[in-house]
Amino acid sequence: MNTTTILLLLVSILIAAGLSFYQYYYKVKSKSKVTLLLAFLRFFSIFGLLLLLINPIISRKTVETVKTPLPLVIDNSASITDLKADKSAMEVFQNLSENKKLADKFDLQAYQFDTDFMPADTIDFKGTQSNIDVVAKNLKNIYKNQHYPTVLISDGNQTSGEDYVFGFNPENKVYPLVVGDTTTYLDLRITQLNVNKYVFHKNKFPVEVFLNYAGTKSINALFKISQGNSVLNEQTIAFSPSKKSATLNVILPANKVGLQILKATISSKEQEKNTYNNVKNFAVEVIDQKTEVALVSSISHPDLGAIKRSIESNAQRKVTILKPNKINSLTNYNILILYQPNVEFKAVFDQNENAKINTWIITGNDTDYNFLNQNQSSYTFKMSGSKEDYLASFDNQFNLFALDNIGFEQFPPLENPFGAITANGNTNTLLSSTIRNIPTNQPLMTFVENQGKRSAFLFGENIWKWRANKYIDKKSFADFDIFLDKTIQYLASNNARKSLVVSHERFYNSGEGIEITAQFFNKNYELDEKARLTISVSNAKTKQVKNYDLLRTTNAFQVNLDGLVAGNYKFTVKELNSNSVYSSSFEVLDFDIEKQFVNPDWSKLNQLAKQTKGKAFLPNQTDLLIQQLLADDSYKAIQKTLVKKSPLIDWVWLLVLIAISLGAEWFIRKYNGML
């Protein structure tokens, strides 16, 4: 408290004492203990009120020492165990985290990573993926604008994520502690194999294979692709200390319809420490039909290229961009996408009267709405000449097919003329429109089904911006492409809707997420949120059966079957209330990406250390690492003086005490006849 506050408190005491004395002692003939009590109560009440007015503040100074954070990050993936480095990794981690000198200088904080980044609570080296890049991203978020070192205990073998060497902040030193045997062993490895999931019957499909060699002498390796007992391709590749990699492009025939399991193998006469990475199983599904999509437009627009690329991301689709006056026949197409129709589309609409091909109409600023009113009956348009920007709003009740909200509300607006769009029948709205976050109560994207013919409508141009926005956000077009693929899939089918719809892949790699999604519809084809869905999964070889419940998500039911061993599985999804059943099968391919390595990636971790001006160490050099961290004067603790100001008294309680004091004074005076 300052001097002024102290003087005010002294004056308050004098005023309260003076008034109490004047009231109960000055010229008072009878003085007793009751008079003394009343004088004290009056003194307390007056002093309390003055104290509330003064509100004295007490300042407290505390000195806080802020240490430099030192993240200790350990690799929790299964490759550490496969390299027989789990014990040395734990010993190094414990030595660092329990070192008292390091704890005196740094704020030690322990983390672990495999697929994700988390506190080091349970280190078991069972992670199915190694993503070192996620360490870099999380440390940047946790320690924003701070100068700190990082100790990374890992083998450096990354199986997912972006290149971690350039992911860390170059201003903050990284000290990799490389665990695992760095001795170079002879090893042949299939590093990566690229192949399309779907191919077409009687066609040929490419297989791209990347091979790696580690060794000190020249050898000849035999590479082959087989299916069962049949060898489809075989060739010899020469490797040497100067030639340690090879890329092969193999063309294979698709002669059988259905799921085809193939095996790529590389071998030599030399003895290898790890032969698991010499084999890679892969699968393709051979289909005998391709969806032909005609994208019809009389204008040039970026939307056309974006729609074509997005739809053709699924190998089962082929998009042909056409001018409306260049179409002689619609018999070769399964779906029509009519982009901004005008009078030039008259012949297309006339031909489709007989062909009855499912249609997706996309409107925009160049659309002739009078022409649309005359040539389709699903909607009536009353549009003005002014343009408007429409934002999207996802309808969670949409139930024609399973689709998650991929962030439609954050997408750039679509352009369309301002006006009224009126539905002439039953429609199912996927996206509603808003103008500057104000709902218009009008659709942006809807679906219509009438007498077996399906139609879709998108009221706005510049959907290419949505695809670009998704790539900027996720570094991938996948979410947007799935959205368009499901739209095309709905239009490609004329089958009557089933009450139980199940979505799944035909094959999965072991270690990957195995998700099966289901929807159940009631008699009005509305999503039944009270449905009870179960799944029974049976291994075709061992006959072992596992049962699971499907859990409710936003607009579907889902089950995660992670942990299934390689093999063929049959499954049945059942809705318990109606006994609706769906049965199918899938294959889990034998592939464990964490077993592909025989050595730690010393060169990559050393490159990371140099990039951040740190240094790479081996487990037997832990003491040198500790000495270097302790000797680095750039990491010093900072002392901060914190001044905390708080009121001397709690005004609420003081008001209560004043009220009690005044009340007590009144009752005592009343009892003694002094009122």
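Keep in mind that this is a model prediction, so the values were computed, not measured. For this chain, numbers begin at 1 and follow the sequence in order.
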Chemist: Indicate whether any N or O donor in one side chain lies under 3.5 Å from an N or O acceptor in the other, for D75 and S77.
Modeler: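 Yes - a donor-acceptor pair under 3.5 Å links their side chains.
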
Chemist: After noting the C-alpha distance and the side-chain angles of Q109 and Y143, does the key distance pass the side-chain hydrogen bond (donor to acceptor under 3.5 Å, both in side chains) rule?
Modeler: CA-CA 12 Å; Q109 299 181 7; Y143 305 109; 2.2 Å; yes

Chemist: If you define the side chain from C-beta out and look only at heavy atoms, does anything of L533 sit under 4.5 Å from K574?
Modeler: no

Chemist: I'd like to know whether D485 forms a salt bridge (Lys or Arg N to Asp or Glu O under 4.0 Å) with R317, so could you lay out the CA-CA distance, the side-chain angles of the two residues, the decisive distance to 0.1 Å, and finally the verdict.
Modeler: CA-CA 9 Å; D485 183 68; R317 325 282 190 207; 3.2 Å; yes

Chemist: Is a salt bridge present between D481 and R309, judged by a nitrogen-to-oxygen distance below 4.0 Å?
Modeler: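 Looking at D481 and R309, the cut-off is not met.
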
Chemist: Could you measure the distance from the NZ atom of K280 to the CD atom of Q192? Nearest 0.5 Å is fine.
Modeler: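 The NZ atom of K280 sits 7.5 Å away from the CD atom of Q192.
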
Chemist: Around atom OH of Y471, are there more than 12 heavy atoms from other residues, nucleotides or ligands closer than 6.0 Å?
Modeler: no

Chemist: With a 6.0 Å cut-off on ring centres, are F520 and F557 close enough?
Modeler: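 No; F557 has its ring centre 6.0 Å or more from that of F520.
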
Chemist: Would you mind reporting whether I153 and L72 have side-chain heavy atoms less than 4.5 Å apart?
Modeler: no

Chemist: Quick one: do K100 and D104 make a salt bridge, cutoff under 4.0 Å?
Modeler: no

Chemist: Rounded to the nearest 0.5 Å, how far apart are OG of S130 and CD1 of I80?
Modeler: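 The distance works out to 7.0 Å.
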
Chemist: Can you tell me how the ring of W466 sits relative to the ring of F408, calling it parallel under 30°, perpendicular over 60° and tilted otherwise?
Modeler: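 Perpendicular.
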
Chemist: Under the side chain to side chain contact (heavy atoms under 4.5 Å, CB included) test against P176, which residue among T150, L605, L618 passes?
Modeler: L605

Chemist: For the atom pair OG (S585) and CZ (F507), what is the distance rounded to the nearest 0.5 Å?
Modeler: 12.5 Å

Chemist: Rounded to the nearest 0.5 Å, what separation is found between the CG atom of L152 and the CD1 atom of I74?
Modeler: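 One finds 10.0 Å between CG of L152 and CD1 of I74.
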
Chemist: So N76 and F113, do their side chains get closer than 4.5 Å, heavy atoms only?
Modeler: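 Contact flag for F113/N76 side chains = no.
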
Chemist: To the nearest 0.5 Å, tell me how far N278 CG sits from E272 CD.
Modeler: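 Rounded to the nearest 0.5 Å, the CG-CD separation comes to 4.0 Å.
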
Chemist: Looking at K604 and D163, does any basic side-chain N land under 4.0 Å from a carboxylate oxygen?
Modeler: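 A salt bridge links K604 with D163.
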
Chemist: Please indicate whether K318 has more than 12 foreign heavy atoms, meaning atoms of other residues, nucleotides or ligands, lying under 6.0 Å from its NZ.
Modeler: no

Chemist: Salt bridge or not for E285 and R506, using N-O below 4.0 Å?
Modeler: yes

Chemist: Is any NZ, NE, NH1 or NH2 atom of the basic residue among D479 and K474 found under 4.0 Å from an Asp or Glu carboxylate oxygen of the other?
Modeler: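 Yes, charged N to carboxylate O under 4.0 Å.
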
Chemist: Would you indicate whether K308, at its atom NZ, is surrounded by more than 12 heavy atoms from other residues, nucleotides or ligands within a distance under 6.0 Å?
Modeler: yes

Chemist: Check whether more than 12 heavy atoms from other residues, nucleotides or ligands sit under 6.0 Å from atom NZ of K140, and answer yes or no.
Modeler: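 More than 12 heavy atoms, drawn from other residues, nucleotides or ligands, come within 6.0 Å of this atom.
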
Chemist: Does the ring centre of Y635 sit less than 6.0 Å away from the ring centre of H147?
Modeler: yes

Chemist: Can you tell me how far apart CD (Q544) and OH (Y569) are? Round to the nearest 0.5 Å.
Modeler: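 The distance works out to 8.0 Å.
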
Chemist: Taking only Lys NZ, Arg NE, NH1 and NH2, and the carboxylate oxygens of Asp or Glu, determine whether K613 and E171 approach each other closer than 4.0 Å.
Modeler: no

Chemist: Might you confirm whether atom NZ of K105 has over 12 heavy atoms from other residues, nucleotides or ligands at distances under 6.0 Å?
Modeler: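 Yes - once you tally the heavy atoms of other residues, nucleotides and ligands closer than 6.0 Å, there are more than 12.
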
Chemist: I want to check something: taking the side chain as every heavy atom from C-beta on, are F483 and S310 in contact at a cut-off of under 4.5 Å?
Modeler: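 Contact flag for F483/S310 side chains = no.
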
Chemist: Does F480 have its ring centroid less than 6.0 Å away from the ring centroid of F477?
Modeler: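 Ring centres of F477 and F480 not closer than 6.0 Å.
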
Chemist: Measure from the side-chain N and O atoms of N141 to the backbone N and O of K137, and report whether any donor-acceptor pair falls under 3.5 Å.
Modeler: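 Answer holds: yes.
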
Chemist: Measuring centre to centre across the rings, with the benzene-like ring taken for any Trp, is F586 within less than 6.0 Å of F571?
Modeler: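 For F586 and F571, the ring centres are under 6.0 Å apart.
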
Chemist: Please confirm whether F106 and Y148 have ring centers closer than 6.0 angstrom.
Modeler: no

Chemist: Tell me whether K486 at atom NZ has more than 12 heavy atoms from other residues, nucleotides or ligands lying less than 6.0 Å away.
Modeler: yes

Chemist: Under a 4.5 Å cut-off applied to non-hydrogen side-chain atoms, are F205 and V284 in contact?
Modeler: yes

Chemist: Mind listing the closest non-hydrogen atom pair of L252 and L232 along with its distance?
Modeler: CD2-CB, 4.0 Å

Chemist: Do S79 and F125 have side chains that get closer than 4.5 Å, going by heavy atoms?
Modeler: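 No, their side chains stay 4.5 Å or more apart.
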
Chemist: Would you check if there is a donor-acceptor pair between the side chains of S536 and N547 at a distance under 3.5 Å?
Modeler: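 Yes, side-chain donor-acceptor contact under 3.5 Å.
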
Chemist: Do Q558 and N560 have a side chain donor and acceptor closer than 3.5 Å?
Modeler: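 Side chains of Q558 and N560: no pair found under 3.5 Å.
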
Chemist: Side chains of D187 and N277: do they bring a donor and an acceptor to under 3.5 Å?
Modeler: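 The criterion, which ignores hydrogens and geometry beyond distance, is satisfied for N277 and D187.
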
Chemist: Check whether any side-chain heavy atom of L222 lies under 4.5 Å from a side-chain heavy atom of I266, and answer yes or no.
Modeler: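 They are not in contact (no side-chain heavy atoms under 4.5 Å apart), so the answer is no.
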
Chemist: Determine whether L188 and S267 make a side-chain contact, defined as any pair of heavy atoms from C-beta on separated by less than 4.5 Å.
Modeler: no

